[in-house]
Amino acid sequence: LTKSPARAIDLADDGASIRVLAHDVIVHEDTSREVLPFRLTTLSIPEHAKVAETTIGQRIFFAAARPDDSGHDLVVGEDGRIRLFSGSEILSGEGIAVDPHAGVSAKDTAIRVRHEAVRHEGHAYLPVEGYPSRILDIDLKSGATTAIPLDRGYPLRGVGVSPDGETLVVNVGIGLVVVDLATREITDRIETPDPTTGVSFSSDGRFVYTCLLYTSPSPRD
């Protein structure tokens with residue numbers, strides 16, 4: 001479907017297409033490198049063909065396209081800038097800034113916007129480390145942003161939403177935190193014996209998968 005290195009892949013809700021955030025690096029004969037801007041490409045899965053492509057800019061962490069013509073596109077840069085775009089504004093423009101402190105009173109604390117974001121049915125869930133760490137829920141239809149505060153400062157390593165949209169699971173490095181999206185309350189914690197990264201639900205919502213970073217040595221080692 002694409003020969004370019006992909007930073008993020010977003011499967012459409014109907015399963016018929018994917019959006020790929022990618023860019024290319026051209027190596028010239030003198031060994032100098034030309035880094036091309038990131039672009040968001042929509043690919044048809046049944047037809048194995050490009051449907052649309054939009055150039056965004058350099059150093060992009062995450063991008064999510066609007067659910068319909070009246071919605072908003074979302075772009076997150078490596079510098080932590082979060083921007084929304086509406087109407088005919090191009091994604092390489094300035095957009096509307098989103099405050100990563102949204103919904104949290106202590107705005108003087110250091111924060112770090114993470115790239116392990118996920119889009120689900122018109123919402124983008126963006127992890128932000130801080131005290132406390134939080135997940136920003138960005139409504140791509142209305143452009144409204146609300147925060148789901150966690151109970152402490154966590155290293156955030158992944159976010160997943162159940163297929164029914166009722167449960168949010170956050171990878172906090174040494175375990176998982178489970179959040180009820182209706183109440184925004186933490187309902188469970190799952191400890192892991194070793195650090196993991198990423199989180200993804202199975203299609204039936206029964207299982208959650210993470211990636212093991214390394215295995216602890218046994219007492220005999």
Side-chain angles (χ1 to χ4, degrees), residues 6-14 17-23 35-43 50-150 153-154 156 158-161 165 168 170 179 181-182 184:
R7 168 162 280 185
I9 299 176
D10 178 23
L11 176 67
D13 294 328
D14 60 7
S17 64
I18 58 174
R19 292 188 177 99
V20 182
L21 178 65
H23 76 152
V35 181
L36 300 184
F38 276 89
R39 61 189 184 277
L40 188 63
T41 305
T42 302
L43 302 169
K50 183 192 302 181
V51 176
E53 186 170 81
T54 302
T55 299
I56 304 177
Q58 299 286 2
R59 300 185 179 279
I60 306 300
F61 257 165
F62 178 77
R66 66 191 68 186
D68 53 52
D69 292 339
S70 62
H72 298 72
D73 299 314
L74 172 68
V75 173
V76 183
E78 291 182 3
D79 57 2
R81 292 179 64 202
I82 308 169
R83 294 170 291 159
L84 286 172
F85 299 85
S86 61
S88 59
E89 187 174 6
I90 59 175
L91 299 188
S92 57
E94 286 300 315
I96 302 171
V98 174
D99 183 5
H101 290 93
V104 178
S105 57
K107 295 190 176 184
D108 57 343
T109 59
I111 61 170
R112 180 186 182 193
V113 179
R114 298 288 303 182
H115 68 276
E116 294 93 345
V118 65
R119 184 205 57 81
H120 182 82
E121 294 184 350
H123 287 251
Y125 297 92
L126 182 63
V128 179
E129 294 177 347
Y131 295 93
S133 294
R134 72 216 66 163
I135 306 298
L136 294 188
D137 177 358
I138 301 175
D139 188 330
L140 298 177
K141 175 70 175 177
S142 66
T145 300
T146 58
I148 304 174
L150 303 178
Y154 289 108
L156 304 181
V159 181
V161 181
L168 180 78
V170 184
V179 178
L181 279 175
R184 306 299 176 98

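Only this structure's heavy atoms are used, side chains among them; waters, hydrogens and symmetry mates stay out. The structure presented is a predicted model; accordingly, all values stated were derived computationally and were not measured.
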Please check if the side chain of Arg39 supplies one atom and the backbone of Pro37 the other of a donor-acceptor pair under 3.5 Å.
-> no

Are the side chain of Glu121 and the backbone of Asp13 linked by a donor-acceptor contact shorter than 3.5 Å?
-> no

Any Val35 side-chain heavy atom under 4.5 Å of His23 side chain | yes

Residue that, paired with Val98, satisfies side chain to side chain contact (heavy atoms under 4.5 Å, CB included) out of Val76, Ile82, Val113, Leu126 = Ile82

Quick check: does any side chain N or O of Arg7 sit under 3.5 Å from a backbone N or O of Ile60, one acting as donor and the other as acceptor?
-> yes

Are any side-chain N or O atoms of His72 and backbone N or O atoms of Arg66, one a donor and one an acceptor, separated by less than 3.5 Å?
-> no

Which heavy atom of Leu84 sits nearest a heavy atom of Gly143, and at what distance?
-> CD1-O, 3.4 Å

Would you please name every residue forming a side chain to side chain donor-acceptor pair (under 3.5 Å) with Tyr154, sequence neighbours left out?
-> Asp151, Arg152, Arg189

Okay, side chain of Arg83, backbone of Gly77: is any donor-acceptor separation there less than 3.5 Å?
-> no

Is the side chain of Glu129 donor-acceptor paired with the backbone N or O of Leu156 at a distance under 3.5 Å, no angle test?
-> yes

Could you state the interatomic distance from OG1 (Thr55) to CG (Leu40), rounded to the nearest 0.5 Å?
-> 10.0 Å

Name of the residue among Asp139, Asp73, Asp137, Asp10 meeting salt bridge (Lys or Arg N to Asp or Glu O under 4.0 Å) with Arg119 = Asp10

